[in-house]
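Beneath this line is the structure, given in C-alpha cells, with notes to follow.
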Number of protein chains: 2
Amino acid sequence: MATITDKEKIREASCQEELVAMRDSIEILGGKWKLRIMRYLANRIAQKNHFKKILREIDGISAKMLAKELKDLEINLLITRTVQETKPIMVEYAITEYGKTVLPVTETLVQWGLNHRQRIKE
Amino acid sequence: MATITDKEKIREASCQEELVAMRDSIEILGGKWKLRIMRYLANRIAQKNHFKKILREIDGISAKMLAKELKDLEINLLITRTVQETKPIMVEYAITEYGKTVLPVTETLVQWGLNHRQRIKE
DNA sequence: GTAAGTGGTTACCTTGAGTTAACTCTTCTC
DNA sequence: GAGAAGAGTTAACTCAAGGTAACCACTTAC
C-alpha cells in the first residue's frame, strides 16, 4: 500500500488540475449575480436588453451592482455593451458567442435548483 | 406590439422561475469552497477522507473554513460525517447519493475553467 | 517529557460583496 | 417648469465571507 503507482500519480495530478479549473471558473462567474445576468441575457437573445429593463426584471438587484457586474462580464468578453444613439440614449447588452459557453453551467444550476426545491417540498 | 400573448406570458414566467432556481442553487452551493470540496470528495469516493487529509489536499483552505463548509454541506444532506472509533479518533467525510446530483454542476465548471484557461493562453 | 498527528474551536481582524438612498445629466412630455 | 425615463455614479454603510494564529484534548511514538 505504501507504493504509489505512476497511474495513481497521474490521476492525482489531474484531480488537482480540476480543482484549479473550478477555482478559475468560480473566480470569474462566482457571486450572487453574474450567472443570473448571463441566464437572463441568454433567455432574451432576440430582444434589446437595456439597462433599466434588466434592472427591473432581475429581481432584487440594485443599479450599482448591475452596473458593476455588467462591467466585469464585459471585461471577460462574455457580453457586449453597445450604445444606441437614440434620443434618450440607450445602451444595449447582449451575450457574446463566447458568453454562450457558460450556458451549460447555468443550465445545470437551474436544473439542480428546481430539483432541490422539489425535494424540499417532500 | 402592445398586446402580449398568453404564450409570451407563460414563457416570461418560466424564465423568472429559472432565475429563482438559480438563486437557490447559488445560495446553497455558492462561495469559494463548497463546490471544490464536493468535487474533491467525488473524486475520492473509494477512499477514507478525513479532516486533515482534506485540509492538506485542497489548496489554500483553512481549518476554520473547511470545518464550516463541511458543516453546511452536511446540513444540506450533501455529505455525511462519520466518526471512526479508532485510537486517534478519525472522522470520515463522504458524498451522499443526493450529493452526487451536484456533480453535473462541478463538471460543467471544470470544463469551462479548462476551456477558459486555454483561451487565455491564445 | 516532548513532539507530532488526530479533529477541530476560538478570538481577532481585514476585505470586499452587497445594500440603500441620493444625486447627475440629458431629453422628452405634460 | 415639473416630472419621468434613459444610464448610470457616488457616498455611506452593513455584514458576512474569509484569513491568521493560537489553542484544546487526546494518543502514539521517540
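Quick caveat, the model's predicted, so the values are computed rather than measured. Order of the sequence lines fixes the chain letters, A, B, ..., with proteins taken first and strands second; residue numbering starts at 1 for each chain. No hydrogens, no waters, no symmetry mates; every other heavy atom, side chains included, goes into these values.
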Between [N] atom [atom2] and [X] atom [atom1], what is the distance in whole Å?
| X | N | atom1 | atom2 | result |
| --- | --- | --- | --- | --- |
| A/Glu85 | C/dT26 | CD | P | 14 Å |
| A/Asn49 | D/dG6 | CG | P | 14 Å |
| A/Glu69 | D/dG8 | CD | C1' | 15 Å |
| A/Arg81 | D/dG6 | CZ | C1' | 12 Å |
| A/Ile89 | C/dT26 | CD1 | C1' | 9 Å |
| B/Lys68 | D/dG19 | NZ | P | 11 Å |

Residues two or more places apart in sequence or in another chain: which of them pass side chain to side chain contact (heavy atoms under 4.5 Å, CB included) with [X]?
| X | result |
| --- | --- |
| B/Val91 | B/Arg81, B/Val83, B/Tyr93 |
| B/Leu114 | A/Ala21, B/Val110, B/Gln111 |
| B/Ala67 | B/Phe51 |

Can you list, in residue-number order, the parts of residues 20-43 of chain A that come under 4.0 Å of DNA chain C, counting heavy atoms only?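 A/Gly31, A/Lys32, A/Trp33 - these, ordered by number, are the residues of the stretch whose heavy atoms sit under 4.0 Å from the strand.
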Identify, residue by residue, the members of residues 51-66 of chain B with a heavy atom below 4.0 Å from DNA chain C, and return them in order of residue number, or none. B/Phe51, B/Lys52, B/Arg56, B/Lys64
Looking at B/Lys71, does any N or O in its side chain come under 4.0 Å of the phosphate oxygens OP1/OP2 on C/dT9? yes
Listed once per pair and sorted, the salt bridge (Lys or Arg N to Asp or Glu O under 4.0 Å) pairs that draw on [range], sequence neighbours left out:
| range | value |
| --- | --- |
| residues 111-122 of chain A | A/Arg117-B/Asp24 |
| residues 65-74 of chain A | A/Lys34-A/Glu69, A/Lys34-A/Asp72, A/Lys68-A/Asp72 |
| residues 37-48 of chain B | A/Glu12-B/Arg44, A/Glu18-B/Arg39, B/Arg39-B/Glu107, B/Arg44-B/Glu57, B/Lys48-B/Glu92 |

I'd like to check the side-chain hydrogen bond (donor to acceptor under 3.5 Å, both in side chains) partners of A/His50; sequence neighbours left out, ordered by chain and number. none
Under the rule for side-chain hydrogen bond (donor to acceptor under 3.5 Å, both in side chains), what residues qualify as partners of A/Gln16, not counting sequence neighbours?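 Expected list: none.
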Can you pull every protein N or O that's under 3.5 Å from an N or O on nucleotides 25-30 of chain D?
none

Under the salt bridge (charged side-chain N to carboxylate O under 4.0 Å, His left out) test, which residues partner B/Glu97, sequence neighbours left out?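 Testing B/Glu97 for salt bridge (charged side-chain N to carboxylate O under 4.0 Å, His left out), a comparison that skips the adjacent residues, returns B/Lys100.
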Could you see if B/Ile79 belongs to whatever hydrophobic cluster contains B/Ile54? Use Ile, Leu, Val, Met, Phe, Trp, Tyr and a side-chain cutoff under 4.5 Å.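 B/Ile79 and B/Ile54: one cluster.
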Kindly say whether B/Trp112 contributes a backbone atom to a donor-acceptor pair with the side chain of A/Ser25 at under 3.5 angstrom?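 No; zero donor-acceptor contacts below 3.5 Å.
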